Protein chains: 2
Amino acid sequence: MTALDSALHATGRTATGEADPDRRAEIYRNAARIFHRKGYHATSINDIAAAVGLTKAGLYYYIKGKQDLLFAIMSFAMDQLDAQVIEPARREQEPQARLEAIVSRHARLITQDSSALTILVNELEGLLPDDRADIIGRQRDYVEFIADTLAALRDEGKVLGLDPTIGAFSLVGMILWISRWYRADGRLDADEVVAEVTRMAVAAVLNRNAEQAEDPDE
Amino acid sequence: MTALDSALHATGRTATGEADPDRRAEIYRNAARIFHRKGYHATSINDIAAAVGLTKAGLYYYIKGKQDLLFAIMSFAMDQLDAQVIEPARREQEPQARLEAIVSRHARLITQDSSALTILVNELEGLLPDDRADIIGRQRDYVEFIADTLAALRDEGKVLGLDPTIGAFSLVGMILWISRWYRADGRLDADEVVAEVTRMAVAAVLNRNAEQAEDPDE
DNA sequence: GCCAACCTACCGGGCGGTCGGTAGACTGGG
DNA sequence: CCCAGTCTACCGACCGCCCGGTAGGTTGGC
């Protein structure tokens, strides 16, 4: 997660703004890991401070507060999603290729490091209202991007009788859930998981047999 | 959620055991709602007490502690899953019918009342180790039940080149995610959501075209 | 000598949980 | 018909603890 350094500059509003960015990146990385493991509310500032070898007061040299720390991590995760998933997928012209890009890239990201991305969806209620509105808005945009892609597939005749909203949410659920069961040191390797999930996602929305095509309603 | 009453008798180990079961059911119902909305750690005993018109001390007449309350709710949710999803599905002999029963029944349950079922997956770290082991074990059994169903489909030749474990987890993710976006008062109605999700789930795992059947590896 | 990078010591407050008490309904003996 | 005794269902006050956050240093490299 070396990209965290640059991300911190981008979300500078949450940090003191003068401290060593490498050290701050290390702190944010550890915070994300602990928030992910124990949950935001169950994690104390002391837990994070201890993990980076500081006292609580020492940690406050680098952060403005617990909620700002959470928002910075979630903003970073959202930036990551934008840069690694949404932007590359947007460059795909074919709707089906675009869908495959979304799913495989998002799944890949989660197998690489799920901390920040998982916090992004699980700890929304820990944010201040304004920050929460910001994050939720960006998440909504993402789901709409997927729904639009499904709608484009429908216009091509490749999808019949599927509500794009339900489809988009279902795919997102499938992808996000990966962080709950995938372990880098487990039986399954990341390439296999990404490929399999992508195949399932595409199969879930594409109609390939007459049976579904003939009976779009019900 | 009237079935809560009987569930409470079943999980009597967590309550004082003498108090009015109706009142206790009301308390558990409210607790589940608030845990669901704010999260376990962000919810104080006072929040729950106030919601049922008691003081904190008064509430302790009915419950043994915060963690026991959580475990009771999760046990109830797991009982619900057993009775409404797993048992009925087990009675389906055909693997495909069984899969459809699992998905549609589980999805239906979530559209009806997601509180307890959502707590079941999101608040595991709030439990004592022994209780957590209990719940995780039951959840693992459920995923294995789905994986076995997928394996049976594979043995029938209806599924090719799909890892049953990945498939089972992905379907579970799709289903559980419903509680995050479905609103009973929203644009989509429950029947539509259940039907659509079930169709997607089946499509995701069944191979219906030659393309997939010819190339199981990769 | 200065400033970045920390620390010790502390604050107010809310937490989960407990304790002693009590209003009021109910019960049974005279 | 009464009243002592008992039990259910609660409450006010309190406990120790830990939380997020801060004030005011101290230290070591430039």
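Source: prediction; values computed, not measured. Lettering follows sequence order; numbering is per chain, from 1.
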The criterion is ring-ring contact (aromatic ring centres under 6.0 Å, His included); which residues satisfy it with A/Tyr182, sequence neighbours excluded?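 Counting only residues at least two positions away or on another chain, A/Tyr182 forms no ring-ring contact (aromatic ring centres under 6.0 Å, His included).
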[N] [atom2] sits how many Å from [X] [atom1], rounded?
X: B/Ile63; N: C/dT18; atom1: CD1; atom2: P; value: 10 Å
X: B/Arg24; N: D/dT8; atom1: CZ; atom2: P; value: 13 Å
X: B/Glu26; N: D/dA9; atom1: CD; atom2: C1'; value: 14 Å
X: B/Asp68; N: C/dG17; atom1: CG; atom2: C1'; value: 12 Å

So does B/Glu26 pair up with B/Arg29, basic N to acidic O under 4.0 Å?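 No, B/Glu26 and B/Arg29 are not salt-bridged.
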Salt bridge check: are B/Asp47 and B/Arg37 linked by an N-O gap of less than 4.0 Å? no
Does the ring center of B/His41 lie less than 6.0 Å from the ring center of B/Phe35? no
Can you list every pair that meets salt bridge (charged side-chain N to carboxylate O under 4.0 Å, His left out) and has a residue in residues 114-123 of chain B, with sequence neighbours left out?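 Residue pairs passing salt bridge (charged side-chain N to carboxylate O under 4.0 Å, His left out), neighbours aside: none found.
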Just grab all the salt bridge (charged side-chain N to carboxylate O under 4.0 Å, His left out) pairs involving residues 162-176 of chain B, residues at least two apart or on different chains.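 Output for this query lists A/Arg187-B/Asp163.
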How would nucleotides 7-16 of chain C be written as a contact map, 5' to 3', with B for base contact, S for sugar-phosphate-only contact and - for no contact, using protein heavy atoms under 4.0 Å? BB------SB
Quick one: is A/Tyr61 getting a side-chain N or O under 4.0 Å of the C/dA5 phosphate, OP1 or OP2?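 Indeed, a polar side-chain atom of A/Tyr61 lies that close.
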Taking only N and O in the side chain of B/Arg23, is any of them less than 4.0 Å away from OP1 or OP2 of D/dC10? yes
Restricting both atoms to N or O, compile the protein contacts to nucleotides 27-30 of chain D shorter than 3.5 Å, with distance only.
none

Among residues at least two apart in sequence or on other chains, which ones pass side chain to side chain contact (heavy atoms under 4.5 Å, CB included) with A/Ala50? none
Does any part of the side chain of A/Phe71, heavy atoms only, come nearer than 4.5 Å to the side chain of A/Lys64, both counted from C-beta? no
